[in-house]
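The next block holds one structure in the form of structure tokens; read it before the comments.
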Amino acid sequence: MKRSVYIEQRRSLKMLLMLTTFLILTIIFLVQIDRLIRPTLKAICMEECRAFASRLIGKSIQETLIESPYDQSDFAMLLKNEEGDITALETNSVNVNVLQTQLLIGINEDLDKSRDAEIDVSLGTASGVWLFAGRGPSVPMRFLPIGSADVKLISTFESAGINQTCHKLVIVVNTHVAGAIPFCKTETDIKYEYILAETILIGDVPEGYASIGG
């Protein structure tokens, strides 16, 4: 009787030892996999956040412009002399400020509505092996806007050739977002530019010209 009890205890101890060894090896394996995948997973999450935020901002801008259609002349007017030559370009600051406010409200509302939106990230893609890209189970990533987006309308002038200047009115949106995955969070800055208006200003071609600043 004592011998059978001893054998049974020894067998149980052996099973417990095997189970403990298996669990330790499994934990070590998972930790190593995590160390290998996590940096790539964070980089992918960052890019997914940028892509998602850019699509969201672009859609929000288009919806605002559809609801309140503007023409280029609503923002900038060319001033000419008696000979018809362009002498200056005057910006309508009132309309610029109105549109800037509309965009600011619309974009921030859309970002808030998309808070906690889930984006699936494939573990196969996170492995860094191109053969596994887009394959395997997915890790849900939550999209988290941080703070408020900053919206500005910027007027720029660029050289467009001999005695030609390109005037652009650009919507510039800056915001900060985060992507949260299990036991990890990544943050990134987003800068989105949308060309609202573009005009080529053409003057008389001089006999000689100099290109300054490229």
Side-chain angles (χ1 to χ4, degrees), residues 19-20 22-70 96-154 168-197:
L19 180 61
T20 303
F22 174 76
L23 290 175
I24 292 173
L25 291 175
T26 301
I27 292 172
I28 293 174
F29 174 76
L30 292 175
V31 169
Q32 292 297 324
I33 291 295
D34 180 76
R35 290 180 61 186
L36 290 173
I37 291 181
R38 189 169 294 276
T40 306
L41 187 60
K42 289 181 69 175
I44 292 174
C45 287
M46 188 179 298
E47 292 303 319
E48 290 291 340
C49 278
R50 288 175 179 167
F52 184 84
S54 295
R55 290 194 299 268
L56 187 69
I57 293 171
K59 183 179 178 181
S60 181
I61 291 174
Q62 290 180 347
E63 289 176 351
T64 300
L65 295 177
I66 290 174
E67 293 175 1
S68 303
Y70 287 94
V96 168
N97 290 332
V98 169
L99 178 59
Q100 187 168 288
T101 302
Q102 291 174 336
L103 291 170
L104 182 67
I105 294 173
I107 290 173
N108 281 297
E109 284 181 351
D110 289 338
L111 285 172
D112 286 338
K113 290 177 183 177
S114 299
R115 182 177 299 276
D116 291 330
E118 286 195 356
I119 304 171
D120 290 332
V121 179
S122 169
L123 285 179
T125 304
S127 68
V129 181
W130 68 271
L131 287 174
F132 300 148
R135 302 178 184 273
S138 298
V139 176
M141 181 192 74
R142 291 191 300 127
F143 178 76
L144 301 169
I146 300 175
S148 299
D150 178 61
V151 182
K152 292 182 179 178
L153 268 67
I154 298 176
K168 293 181 181 180
L169 192 61
V170 183
I171 301 170
V172 180
V173 182
N174 287 285
T175 188
H176 191 71
V177 299
I181 55 176
F183 310 109
C184 181
K185 188 173 86 167
T186 180
E187 298 183 12
T188 183
D189 292 317
I190 307 293
K191 182 177 181 180
Y192 186 88
E193 296 186 0
Y194 186 100
I195 298 177
L196 181 62

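Since the model is a prediction, treat every value here as computed from it, not as a measurement.
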Decide side-chain contact (heavy atoms from CB on, under 4.5 Å) for Ile171 and Val151; before the verdict, give the C-alpha distance in whole Å, the side-chain angles of both, and the deciding distance to 0.1 Å.
-> CA-CA 7 Å; Ile171 301 170; Val151 182; 4.1 Å; yes
May I ask you to decide if Ala149's main-chain N or O and Asn108's side chain share a donor-acceptor pair within less than 3.5 Å?
-> yes
Is there a donor-acceptor pair closer than 3.5 Å between any side-chain N or O of Thr64 and the backbone N or O of Ser60?
-> yes
Met141 side chain near Ile44 side chain, heavy-atom distance below 4.5 Å | no
Side-chain heavy atoms of Leu103 within contact of Ile61, under 4.5 Å | yes
Between the CD atom in Glu109 and the CD1 atom in Ile107, the distance rounded to the nearest 0.5 Å is 11.0 Å
Approximate separation, where rounding is to 0.5 Å, of Leu111 CG and Leu144 CG | 11.5 Å
How close do [X] and [Y] get, counting heavy atoms only, and between which atoms?
X	Y	result
Glu187	Met46	O-CE, 3.8 Å
His176	Thr188	ND1-O, 3.4 Å
Asp120	Pro140	OD1-CA, 4.1 Å
Thr175	Ile57	CG2-CD1, 4.2 Å
Ser54	Tyr192	O-CE1, 3.5 Å
Cys49	Phe143	O-CE1, 4.0 Å

Checking side-chain contact (heavy atoms from CB on, under 4.5 Å) for the pair Asp189/Asn174: CA distance, chi angles, key distance, verdict?
-> CA-CA 7 Å; Asp189 292 317; Asn174 287 285; over 6 Å; no
Yes or no on side-chain contact (heavy atoms from CB on, under 4.5 Å) for Thr186 and Ile181, after CA distance, side-chain angles and deciding distance?
-> CA-CA 8 Å; Thr186 180; Ile181 55 176; over 6 Å; no
Applying salt bridge (charged side-chain N to carboxylate O under 4.0 Å, His left out), name anything that partners Glu193, two or more places apart in sequence or on another chain.
-> Lys191
Salt bridge (charged side-chain N to carboxylate O under 4.0 Å, His left out) partners for Arg55, two or more places apart = none
With sequence neighbours excluded, tell me which residues meet side chain to side chain donor-acceptor pair (under 3.5 Å) with Asp116.
-> Arg142
